[in-house]
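Just follow the structure's listing: the first ligand is 1, and inside any ligand the first atom is 1.
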Amino acid sequence: MPDRRSFLQSALAVVGATQVPAATGAPPLAPATPAAPPRPVHLNINGRDYSLSLEPRVTLLDALREHIGLAGTKKGCDRGQCGACTVLVDGRRINACLTLAVMHEGQRITTIEGLAQDGKLSPMQQAFLEQDAFQCGYCTPGQICSATALLEEVRADGAGFTDEEIRERMSGNICRCGAYPNIVAAIRQVALRRS
Ligand code: FES
Ligand code: FES
C-alpha cells in the first residue's frame, strides 16, 4: 500500500509526463529575422530636404515623428484604419503608417506643419477654426490634410461638393469626438468659397 508521499510523487510524475508532449508539440518559434541595416534616405518634406539614415522597415509616419520631429502627424491605430496619420504626397493623401519612408524619395511630402504659408493658415485650417471642427484635436491634422486633398479629387472627378460626397470621401478619417457635422461644414465652406 503506497504511503501518501509516494502517491503524490507518482501523481506529479504522471502530470509532468503528460505535459511534456503538449509543450513540445507547440509549433517552433520562427527564428527572428535580422533587421536590414540603416541606409541613406533623402526626403523632401514641407519644401525642405532631409537626409536620414533609416532601416528600410521604418514607416513614413515613424520617420516623420521620431526621426525628424514633425509630431503634428498623429499615430492612432498604426494600421490604416483611422486616418490620423494622413499626409500629402505629391498632392495626394495617403496613410503614413501604411507606407515605408524609403518609398518616397524624390516625392513632395506635405504634413500639417507645411500647410500654412508665410505664417498664414491655409484656407482649410482657417475653416476648421471658424467652424469649430474639432474637440480634442487628435484627429484634426489628418482630417485637414485629407480635406485639402479632397478638394482637388472632387474637382478632378467632376463630382459635386454635397454633404454626402464629402462624408463619403472623408470616411477614412475617424473622429472619436464626433465632430463630423462641423468637419463637413468646414470643407463645404472652403469648397464654396473657391467655386
Ligand atoms: S495611424 Fe495610420 S490610419 Fe491610423
Ligand atoms: S476632435 Fe477628437 S478625435 Fe476628432
For G137, take its heavy atoms, then give the atoms of ligand 2 lying under 4.0 Å from any of them.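 Listed by number with element, the hits are 1 (S), 2 (Fe).
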
Atoms of ligand 2 less than 4.0 Å from C139 heavy atoms?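 With C139 as reference, the close atoms of ligand 2 come out as 1 (S), 3 (S), 4 (Fe).
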
If I take every N, O or S atom of C136, is at least one of them less than 2.8 Å from atom 2 (Fe) of ligand 2?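 Yes, since at least one N, O or S atom of C136 sits under 2.8 Å from atom 2 (Fe) of ligand 2.
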
Using 2.8 Å as a strict upper limit, say whether an N, O or S atom of C177 approaches atom 2 (Fe) of ligand 2 that closely. yes

Protein contact to atom 3 (S) of ligand 2 [nearest heavy atom, distance to 0.1 Å]: R176 N, 3.3 Å

of all protein heavy atoms, closest to atom 1 (S) of ligand 2 is Q135 N, 3.2 Å

With the 4.5 Å side-chain cut-off for hydrophobic clustering, are F128 and L88 part of the same group?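 Same hydrophobic cluster.
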
For the hydrophobic clusters of this structure (ILVMFWY residues joined by side-chain heavy atoms under 4.5 Å, transitively), does one cluster hold both I144 and Y180? no

Are any side-chain N or O atoms of [X] and backbone N or O atoms of [Y], one a donor and one an acceptor, separated by less than 3.5 Å?
X	Y	answer
Y50	L64	no
D90	R108	yes
Q81	D78	no
S146	Q143	no

Does a donor on one side chain and an acceptor on the other come within less than 3.5 Å for N44 and D49? yes

T110 side chain to N46 side chain, donor-acceptor N/O pair below 3.5 angstrom: no

Return the number of protein N, O or S atoms with a distance to atom 4 (Fe) of ligand 1 smaller than 2.8 Å. 2

Indicate yes or no: does R92 engage E152 in a salt bridge with an N to O separation below 4.0 Å.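 A salt bridge is absent here (no side-chain N lies under 4.0 Å from a carboxylate O).
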
